[in-house]
Enquirer: 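Okay, handing you the structure first.
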Protein chains: 2
Amino acid sequence: MSPTPPAAAPPPAATAAPGGPTRERILAAATHEFAERGYDGARIDAIGRAAGVNKALLYYYFPNKGELYRGLVLEQIAAIGRQLAAADEDELPAPETLTRMIEAIVDLGAERPAVPLLVLREVLNGWGHLRDEDFPGLFATARPIADTVARGVAAGAFRPVPPLYAHLMIMGAMNFFLVSAPARARGSRLVGQPDMDPDPRAFARFVSDLVTRGLAVDPAASTRIPHPGATA
Amino acid sequence: MSPTPPAAAPPPAATAAPGGPTRERILAAATHEFAERGYDGARIDAIGRAAGVNKALLYYYFPNKGELYRGLVLEQIAAIGRQLAAADEDELPAPETLTRMIEAIVDLGAERPAVPLLVLREVLNGWGHLRDEDFPGLFATARPIADTVARGVAAGAFRPVPPLYAHLMIMGAMNFFLVSAPARARGSRLVGQPDMDPDPRAFARFVSDLVTRGLAVDPAASTRIPHPGATA
DNA sequence: GTCTATACTTCGATAGAC
DNA sequence: GTCTATCGAAGTATAGAC
């Protein structure tokens, strides 16, 4: 507020558009573009334009399209790992933890819509844009759900199912739900069914109910977990 | 076998490669290429080469890349509708029908590996390559599972859940499983975990168990459905 | 750090002979 | 119906000035 020159502020380049340092703006624009159009559909030019710079500057910060893509995919996927791990902080019983993880997935989808898109696109691609050394990191992301299911099985709360199956089912269902919103929107608009775009939290509740009930050893033992904010 | 000239045989063009009439070969090659690489990643040239023809001939049969793609996507998606409808032929109770539909999905995935890939890619794209008039056909595909769940709810066999949710969950889980096989294969190869590539039928069994148990009104009422060929 | 201008390549699509 | 040859647009990447 005072005329005092800011001491440690970054170089206030006259051209610098709002939204942070150039590199970050490029990264954000690229994340959006790649998520929306896929690797092959994304255009370097469009990324530059969205970031308020031109191609040449983009190549000043990143070696090429592939490395730009790879870097941001790894970053976004790491976010899933953090989110999932955070859902297990309290070390609650397996069913509650699973419920939290499923909620964490839709929350992340709301915060970072690019994540499920990038994940699904890259899975379709067989992780074709990642290097071998990236895989240990990927696996860290796959573990939380599987580990939680395994814990539930060990504790006698869940039937003895392969934890990987549960992981695939949950990730598949949640990611599909998250990425299909635009497709469903167009569909319902064209057929006039307003029902087609459920609230993500409602869908998360449906899935966690289904999973905890479906995994319970004795179905009767599946104690209803009160959802925060549930009125009934 | 005899020197008698074949009467109604199609013109035995000397260049005709094995595998059926040219148009069909192009369609098959295109289906594979588009499924594998996506619309933007697919190359007209590669399709031609795989079909044993050249670009020019491809454009003799199809007006352009977009229409070639659109036509084959609609055809493959229609196959899901047929497969799902066939699973309801016997009009069994809802849980059994659902189980059959889930099996039908993995069976179709084995017969036509392109189907789940094309569906998922197109959903990610918001059906961006289809026209408005294609949507009634799309919806026919979405109905069987939802209708079956609705029937189960009406019959008192299932809890009152939104049928759409169940449809999304099942399609998401199954498609994700089917398309992630290569990704999982690479992952497990790099980490040395052999567990990662479960048999599709086993996964289908897991999902249908989970769904029928999870949907049952009174958990105890969820009668175990004997799977054909199950030993125990 | 940021821009303009451009080199090089690939790709979808067409012309025209056979 | 099928091919060879090629056009023109678009795309990634770079050179070089400021």
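Note on naming: letters A, B, ... go to the chains in the order of the sequence lines (proteins, then strands), and numbering restarts at 1 for each one. Side chains included, hydrogens not; waters and symmetry mates left out as well; all remaining heavy atoms used. Worth saying up front: this structure is predicted, and the values here are computed from it rather than measured.
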Enquirer: Does any non-hydrogen side-chain atom of B/Phe34 lie less than 4.5 Å from one of B/Lys65?
Expert: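 Heavy-atom side-chain distance check passes, below 4.5 Å.
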Enquirer: Tell me, please, which residues at least two apart from B/Asp134 pass salt bridge (Lys or Arg N to Asp or Glu O under 4.0 Å).
Expert: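 For B/Asp134 the salt bridge (Lys or Arg N to Asp or Glu O under 4.0 Å) partners, ignoring immediate neighbours, are B/Arg70.
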Enquirer: Do the side-chain N or O atoms of A/Tyr61 get closer than 4.0 angstrom to the phosphate oxygens (OP1, OP2) of C/dT2?
Expert: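 Yes, because at least one side-chain N or O of A/Tyr61 sits under 4.0 Å from OP1 or OP2 of C/dT2.
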Enquirer: Return the polar atom pairs (N/O with N/O) between nucleotides 8-11 of chain D and the protein under 3.5 Å, or none.
Expert:
residue, atom, partner, partner atom, Å
D/dG11, OP1, A/Arg43, NE, 2.8
D/dG11, O5', A/Arg43, NE, 3.3

Enquirer: If the condition is salt bridge (Lys or Arg N to Asp or Glu O under 4.0 Å), which residues does A/Glu133 pass it with, not counting sequence neighbours?
Expert: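 A/Glu133 satisfies salt bridge (Lys or Arg N to Asp or Glu O under 4.0 Å) with A/Arg131 only.
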Enquirer: Could you give the CD-to-C1' distance, from A/Glu67 to D/dT12, as a whole number of Å?
Expert: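 Those two atoms, CD and C1', are 15 Å apart.
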Enquirer: Does A/Thr22 have a side-chain nitrogen or oxygen under 4.0 Å from the phosphate oxygens OP1 or OP2 of C/dG1?
Expert: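 No.
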Enquirer: Which whole-number value in Å describes the distance from A/Tyr69 OH to D/dT12 P?
Expert: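 Answer to the nearest Å: 14 Å.
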Enquirer: OG1/A/Thr141 to CG/A/Leu138 distance, rounded to the nearest 0.5 angstrom?
Expert: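 One finds 6.5 Å between OG1 of A/Thr141 and CG of A/Leu138.
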Enquirer: Check whether any side-chain N or O of A/Tyr59 sits under 4.0 Å from OP1 or OP2 of D/dT14, and answer yes or no.
Expert: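 Result: no.
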Enquirer: Determine the interplanar angle of the B/Phe203 and A/Tyr165 rings, folded into 0 to 90°, and report it as parallel if under 30°, tilted if 30 to 60°, perpendicular if over 60°.
Expert: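 Taking A/Tyr165 first and then B/Phe203, their aromatic rings stand perpendicular (interplane angle over 60°).
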Enquirer: Just so I know, are the side chains of A/Asn175 and A/Val123 near enough to count as touching, which here means a heavy-atom distance under 4.5 Å?
Expert: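 Sidechains of A/Val123 and A/Asn175: no contact.
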Enquirer: Does this structure show an ion pair linking A/Asp88 with A/Arg100, if we count only N-O contacts that are shorter than 4.0 Å?
Expert: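 The answer is no: the pair does not qualify as a salt bridge.
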Enquirer: Listing request: all side-chain hydrogen bond (donor to acceptor under 3.5 Å, both in side chains) pairs with a residue in residues 117-130 of chain B, at least two apart in sequence or in separate chains.
Expert: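 Listed by first then second residue: A/Arg121-B/Asn125, A/Asn125-B/Arg121, B/Tyr69-B/Glu122, B/Glu122-B/His129, B/Asn125-B/His129.
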Enquirer: Anything under 3.5 Å between a protein N or O and an N or O of nucleotides 16-18 of chain C, put it in a table, one pair a line.
Expert:
none

Enquirer: Could you tell me whether the side chain of B/Glu36 reaches within less than 4.5 Å of the side chain of B/Pro182, counting heavy atoms only?
Expert: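 No, every pair of side-chain atoms sits at 4.5 Å or beyond.
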Enquirer: Any idea which of D/dT14, C/dG1, D/dC3 is nearest the B/Val53 side chain?
Expert: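 The nucleotide sitting nearest to the side chain is D/dC3.
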Enquirer: Within a strict 4.5 Å, meaning less than it, do heavy atoms of the B/Leu27 and B/Phe62 side chains meet?
Expert: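 A side-chain contact exists here, since the closest heavy-atom pair is under 4.5 Å.
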Enquirer: With a 4.0 Å heavy-atom cut-off, tell me which residues in residues 27-35 of chain A come close to DNA chain C, sorted by residue number.
Expert: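 Residues of residues 27-35 of chain A under 4.0 Å from DNA chain C: none.
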Enquirer: If we ignore hydrogens and angles and just use 3.5 Å, is the side chain of B/Gln83 paired with the main-chain N or O of B/Ile105 as donor and acceptor?
Expert: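 No; judged by distance alone, with no hydrogens or angles, the pair does not exist.
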Enquirer: How many whole angstroms separate atom CZ of A/Arg49 from atom P of D/dT12?
Expert: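 Going from CZ in A/Arg49 over to P in D/dT12 covers 11 Å.
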Enquirer: For A/Asp45 and B/Asn54, take the nucleotide of DNA chain D holding the closest heavy atom to each; which residue's nucleotide lies nearer the 5' end?
Expert: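 Mapping each residue to its closest nucleotide by heavy atoms, the 5'-most match is B/Asn54.
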